[in-house]
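Have a look at the structure below before the remarks.
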There are 2 protein chains.
Amino acid sequence: MITVKGDILKVKTTYETSPNIALVKYWGKFDEEYILPLNSSTGITLSTEDLQTRTTITLTNKYKDIKFLLNGQPHPVSGRLKKILKFFEDKALAALGEELVPLQEGESQDTKRKTLKEFLNGDLSQLKLKIKSVNSFPTASGLASSASGLAALSVCLFDVYHMKEEYEFQRSVIARLGSGSASRSIYGGLVEWTGVPHQYLQKKFESKNNEIQLSEQEYEQLSKLCIAKQTHNETFFEDLDVFVVAYSFESKEVPSTSGMLQSTQTSELLKYRALNTAHVHIAGVKKAIEEKNYNELARLVRLDSNQFHAVCLDTTPPIFYLNDFSKNMINFIHQLDSALEYHVAYTFDAGPHAVLLVHKNHTTQVLRAIYEAFSINDMSSLSQRAQQTLKQAMQSELPESIQKIIQTNKPKITTTPSYIIHTKVGKGPTKI
Amino acid sequence: MITVKGDILKVKTTYETSPNIALVKYWGKFDEEYILPLNSSTGITLSTEDLQTRTTITLTNKYKDIKFLLNGQPHPVSGRLKKILKFFEDKALAALGEELVPLQEGESQDTKRKTLKEFLNGDLSQLKLKIKSVNSFPTASGLASSASGLAALSVCLFDVYHMKEEYEFQRSVIARLGSGSASRSIYGGLVEWTGVPHQYLQKKFESKNNEIQLSEQEYEQLSKLCIAKQTHNETFFEDLDVFVVAYSFESKEVPSTSGMLQSTQTSELLKYRALNTAHVHIAGVKKAIEEKNYNELARLVRLDSNQFHAVCLDTTPPIFYLNDFSKNMINFIHQLDSALEYHVAYTFDAGPHAVLLVHKNHTTQVLRAIYEAFSINDMSSLSQRAQQTLKQAMQSELPESIQKIIQTNKPKITTTPSYIIHTKVGKGPTKI
C-alpha cells in the first residue's frame, strides 16, 4: 500500500509465513554463493495460525538508511540479505518508480497524478527499507526460523516493489539466496525444492577437493533450475496433524551453514546420500502421500531424518544436533508404532526438537502419551491449541497398550520438552 | 596340564586375553551362522597387564555335566558356545584320548603308561568341561568383554584338547564362531580380520531382501577366508598409549548381535560403507602405522568410529550407542587436537565408552586434561597405572593452550566417567 503524508512517502506490506519442515532433508550445498543444494528436498509448510513469522516491509523516504528489527531488536544486515536487496534495487526500483502516488486528502479524481519517481524528484534512491520481523516461536534454535523469515522477506519484497516474477517460482529462488530451505516456505502444502542435476554432482565429487569451476552463465542456469514448487496443496493433508516439540530455546551449537559446509567437505556418506538415496526417499514420500499411506510416509520420514543426522555424525568434526531428549523421543515414538494403526513420524532438523506427524485419529492419544511419559506436568508448556487437544485427550482412557508403553518408558525418560505446539499443514505465506 | 588323583583325571589350562579394539569397525554380518563379516576390520589388542579375561578350562571326569562360571556366577551355555564345543568334541577329543596319562606318585619311569582313553575305559565322553572366566573390567557394557572372553575360550580349548590348527589362523575362526570380533583378540599388536570378498557382498545386496543361498561348501570356504591375522606386532606400538575411559558399568541397551542384524537389514549407508569405505580406511590405518604418522592415524580412527555410529543412526529403529558423555568427549578431543603436535584418536565401540590413542609424549597431559575438564576429582576412578600417570602429570604445569581448552569446556561438560584404565598395545593371549 502506497501512502503519502506531506512529503513522506511510504510503500508498505505485511506477510505472515511459517516454517517448512523437511520430510526429506536438505544438507550440503553444491555452491555456497548461489545456495544450490546437493540434493532435492521436500517438506510441508506449517500453518501460520499456530506459528508464524510476521514481517512488515516499508519503503520510505523518511529514513536515511536501512533499518532491520528482528523480534524488536536491531539486527545486522547480513551479506546474503544485502545480495537479495541489491537484486530488487537493480531490477525493481525503476519499475516501482512508475507507480502512481495515490490521491491525497482534498485532491479530486481529476488531479494530475504523479509517479513515485516524480514525487521524489527523480531520485528513487531516497527510498530506504524498514524491515520489521517477529517470530512467534524460538529463533535460531533449529526450528527453521530463518527459513520462515527469509521466505517472508522474499514475498514482502516482491510485493512492496510491485515486482512480477520474471520466471515461474522466482520468489523461491530469491528466498533461497538468503536461506536455502526458505525456498520451500514460499508455498503451502507439500513443497519440493530441486537439487542440482546428477551429472553436476558426479563431476563435483570426482574433482579434486570437490571443486569444479562453472561459467557465470551455467550458475545462473542452475539457479533457475533449483526452484521450489508445490506438489500438493494444504487441503491434501486434512488427515494430518503436526506437533512441534521443542526441547529448549537455546541457540544451536553448530549453525547449519557451517555444519553443511563441513559435511560437504568431509563426509563420505553425504556424497552417497546426495547421489543415491535422497531422490528415492522423495519419490517414496510423494507416492505415500498420494496414496494416503501414512505408515509408509512415517517410515520414510523417520528414515530420512535419521540418515541426515547420520551424515552429521559422519562429518569431521562430527556434528550432534540430536541429544538425549531427541533420543528419548525417537525411542518412544518407535514404541508407539506397535500400538497405533497409523504410524507416527518424527523428524528432526538441525536441532534437538522433534516435529511429529500424526494421523488426526490419534492426535489426542499421542499428545497425552507424550505429556505423561515425558513428565510435563505443566499446561503452560503447551500452546493454546495443544492445551485444548490435551483437555480433549483427558476425557477418555488411553488404550491399555499405550498405557503400558508410558509406564515402561517414563522411568527411562530423563528429559522434558520446553514447549509443544499443535499445528497443521498450512496454506503458505498470507498477506495481512 | 594333565593330572590324575585316584580315579579323577583333569586336563587343565589357563590363559589371559584382552579386548581387541577396532580402529576400523566391524558392523554387519554376511552370514549369521558362520559369522562372516560384511567388511574387513582392523584393531589393536590391549595389554593383559591392565585389563584381562582370565579363563581356566578343565576337562575332567569329576563332573556329570558342563559347568560355566562367568565372573563367579553360573552362566548359561549359549547356542554359539555349544557349536564351538561340538567342534572340539568331534575333532579333538579322539586325538586327546591318545595322550598319555602322566606318571603318578610311586610309579617308576618303566611303568606301562596308559592313554587317557585307556584310563577312562575307552569312554572319552566321561570328560566334561569346566569353564571359569573372570573379567577384570565391565562385562557386556560395550567394552569388548565378549570378544576377549571368546578369544580366551578358543585358545584354551585348543590347548586343553591338545589340538593343532588344521589350517593357519584357525584359532581365530573358532573364536569368531562365538563372537565375531573375538577373532581379532587371538593375536597381539595390530590384527586384521578379513571380510567376505567384494563380489559376494554385491550379490547379497543386489538380491531380494539381501538374501543369497550358497552351498555348504561355499560357506566353509568363506569361513576359512574370513580369518584374523596379525599385521604388526606389539613392539611396533611402543610410542602409543591407550586410555579406556568407561562411562558406566551398565549393560548396553542394544546388544551388538541384534543391532548388527537391524543395520544389515535396514541401513542404506551400511551397504555403502561395506562396499566402498571400510577397506580404504584399513589401508590408510596400516599405512599410517607403518609410517608412524600419528596425525593421520588419529584422523582415520576418529573418522571410522564416527562412520560406524552414523550407520547405527541410519538403522531402523536407530541405534544410539553414543550418549552425552561420548559427545562431550568427542568435542573435547577435537579441541585438544589443535593444541597437541600428535593428535589424539578416540574410538567408540557398541557403547558410550571412549578408547583414546595417545602418543606417549602427551600421555600425562591428556590424562590430566580429561581429569580436570570432566571434573573427576577422585583418584579411585583411575586404575593403578592411570593414578601413577596422573601423579606424574601433576608435577609440571599444563601448557597454556591446554589450560584454556579445559577452562572453556569444563562448564559445558555435564558428565563424569566412571573409570579410566591406562594401558598399551599388548602381545595377545598369554598362558598362565
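Throughout, protein chains are lettered first and strands after them, A, B, ... in sequence-line order, and every chain is numbered starting at 1. Reckoned from all heavy atoms, side chains included, excluding hydrogens, waters and symmetry mates.
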Please enumerate all residues that pass ring-ring contact (aromatic ring centres under 6.0 Å, His included) together with A:F243, with sequence neighbours excluded. A:H422
To the nearest 0.5 Å, what is the distance between CG (A:L269) and CG (B:L270)? 10.0 Å
Only counting residues at least two apart or in another chain, list the ones meeting side-chain contact (heavy atoms from CB on, under 4.5 Å) with A:A369. A:F332, A:L336, A:I402, A:I406
Nearest non-hydrogen partners of B:L313 and A:A310, listed with the distance: CD2-N, 3.7 Å
Note each donor-acceptor pair with a separation under 3.5 Å, taking one atom from chain B and one from chain A.
residue, atom, partner, partner atom, Å
B:E268, OE1, A:H281, NE2, 3.0
B:E268, OE1, A:Q307, NE2, 2.9
B:E268, OE2, A:H281, NE2, 3.4
B:H281, NE2, A:E268, OE1, 3.1
B:H281, NE2, A:E268, OE2, 3.4
B:Q307, NE2, A:E268, OE1, 2.9
B:Q307, NE2, A:D314, OD1, 3.1
B:D314, OD1, A:Q307, NE2, 3.2

